[in-house]
Amino acid sequence: TTMATIKEKLKVKLSRKQKEALKVCLDNKHTAIWYGGGAGWGKTYLWVIRLWLMCVTYAGVRYAIVRDTLKNAKATTVKSLEKFYQDYNIDEKYRWKLNEQKSIIKFRNGSEIVLLEGCYYPSDPLYNRFGSLELTGAFIEESAECPVEGIEYIQTRVWRQMNEEYWILWKVLETFNPNPGHVYERYYMWKHKDGEQAIFIPALVSENPFIGEQY
């Protein structure tokens, strides 16, 4: 089953900005992507759809979902994936199975999504806990809550799992709301180490045609 076939069958309802972001996720140029800028844009929902598409299309790939804590990752990212399954009535054979103890989402074709904590550990200041990871790509949710050192370490662990076999460009996706920390310097001020391969796709709440009135 190809990704195009799956997308056609799903008929996923996306805004213009979401379509733009998904297109960048699948291109052969950008390796660092940030999407967002305000609440109410379903940033997590869009990214889990993208990770799911990659995992069901390519057997044996491995992606990471990074959040400040595993508790928050399970409460937000994993819940968004469950909502996606319900919204589009995803067939059971294309669903994941979460190993709570190992914090790994396993698909039937051998693909995996690993949940990781990006917070700072005084006992692991150099993030050596990520040293043995072999990833196809990564999604860092609310990256402003994670130290930049951990994010940059994760970037060294991608392009290591089935990328060459499938010709998948390594990509690190980040979401965050406006913040004066490292996200401001790396994306707003265009000082990301990936240079022209980094892209910032702003998405304001006023641009979302599907937003609820409460926003």
Side-chain angles (χ1 to χ4, degrees), residues 1-27 33-59 61-100 103-116 136-143 145 168 171-177 201-215:
T1 304
T2 65
M3 183 178 296
T5 301
I6 294 173
K7 288 170 64 179
E8 177 62 27
K9 288 182 178 179
L10 286 179
K11 294 182 170 31
V12 177
K13 185 180 180 182
L14 299 175
S15 69
R16 179 179 60 82
K17 274 297 177 75
Q18 287 174 317
K19 290 178 181 178
E20 178 184 345
L22 193 58
K23 182 178 180 179
V24 171
C25 281
L26 302 174
D27 69 20
I33 304 165
W34 173 62
Y35 173 73
W41 255 99
K43 300 184 289 292
T44 303
Y45 192 78
L46 177 64
W47 286 156
V48 297
I49 291 175
R50 190 262 176 176
L51 294 188
W52 177 84
L53 280 170
M54 299 301 289
C55 286
V56 299
T57 304
Y58 302 105
V61 296
R62 181 183 299 114
Y63 285 86
I65 290 178
V66 185
R67 187 74 201 264
D68 56 340
T69 66
L70 288 178
K71 179 181 178 181
N72 284 338
K74 292 176 182 179
T76 57
T77 314
V78 173
K79 291 299 182 184
S80 292
L81 191 52
E82 291 175 345
K83 185 177 186 302
F84 163 66
Y85 290 150
Q86 294 172 359
D87 288 347
Y88 291 94
N89 194 28
I90 301 300
D91 191 286
E92 199 66 38
K93 66 181 179 180
Y94 293 124
R95 296 193 180 200
W96 55 270
K97 184 176 182 180
L98 174 63
N99 184 315
E100 288 281 356
S103 298
I104 297 177
I105 296 170
K106 288 183 174 289
F107 291 80
R108 293 187 179 185
N109 64 359
S111 294
E112 297 179 346
I113 298 176
V114 184
L115 305 183
L116 302 173
T136 310
F139 163 41
I140 302 172
E141 184 182 18
E142 299 296 347
S143 64
E145 299 174 359
I168 299 174
K171 291 177 183 283
V172 177
L173 319 174
E174 295 181 53
T175 63
F176 47 81
N177 294 320
I201 304 174
L204 305 178
V205 65
S206 57
E207 298 174 303
N208 187 352
F210 310 130
I211 194 68
E213 290 185 3
Q214 69 271 21
Y215 283 93

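- Of the candidates I140, L116, L51, L51 is the only one forming a side chain to side chain contact (heavy atoms under 4.5 Å, CB included) with I65.
- The backbone N or O of D27 lies less than 3.5 Å from a partner atom in the side chain of K171, making a donor-acceptor pair.
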Give the intermediate values and the outcome of side-chain hydrogen bond (donor to acceptor under 3.5 Å, both in side chains) for residues W47 and Y35. CA-CA 9 Å; W47 286 156; Y35 173 73; over 6 Å; no
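- The nearest pair of heavy atoms linking I33 to C25 is CD1-CA, 4.0 Å.
- Among all heavy-atom pairs drawn from L46 and A21, the shortest one is CD2-CB, 3.8 Å.
- The only option from I49, T136, I168 that meets the side chain to side chain contact (heavy atoms under 4.5 Å, CB included) definition with M54 turns out to be I168.
- Atom CZ of residue F84 and atom CG of residue N89 lie 11.0 Å apart, to the nearest 0.5 angstrom.
- Partners of T76 by side-chain hydrogen bond (donor to acceptor under 3.5 Å, both in side chains), not counting sequence neighbours, listed by chain and number: R67, E141.
- Taking both residues in full, the closest heavy atoms of S143 and E174 are given as OG-OE1, 2.9 Å, listed atom of the first, atom of the second, then distance.
- Side chain to side chain, W96 and Y85 meet the donor-acceptor criterion of an N or O pair below 3.5 Å.
- Note on residues 89-98: no pairs pass salt bridge (charged side-chain N to carboxylate O under 4.0 Å, His left out), not counting sequence neighbours.
- How far CG of N72 is from CD of E145: 7.0 Å, rounded to the nearest 0.5 Å.
- By the 4.5 Å heavy-atom criterion applied to side chains, R50 and Y63 are counted as neighbours.
- A donor-acceptor pair under 3.5 Å is absent between the side-chain atoms of K74 and the main chain of L115, judged by distance alone.
- In this structure, the separation between OG1 on T44 and CG on L81 is 11.0 Å, given to the nearest 0.5 Å.
- The pair K79-E82 meets the salt-bridge criterion, since a charged nitrogen lies less than 4.0 angstrom from a carboxylate oxygen.
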List, one per line, each side-chain donor-acceptor pair under 3.5 Å for residues 107-114, sequence neighbours excluded.
unit_1	atom_1	unit_2	atom_2	d
N109	OD1	S111	N	3.0
N109	OD1	S111	OG	3.3
N109	ND2	C55	O	2.8
S111	OG	C55	O	3.1
S111	OG	Y58	O	2.6
S111	OG	G60	N	3.1
S111	OG	V61	N	3.3
E112	OE1	R62	NE	3.1
E112	OE2	K106	NZ	2.5

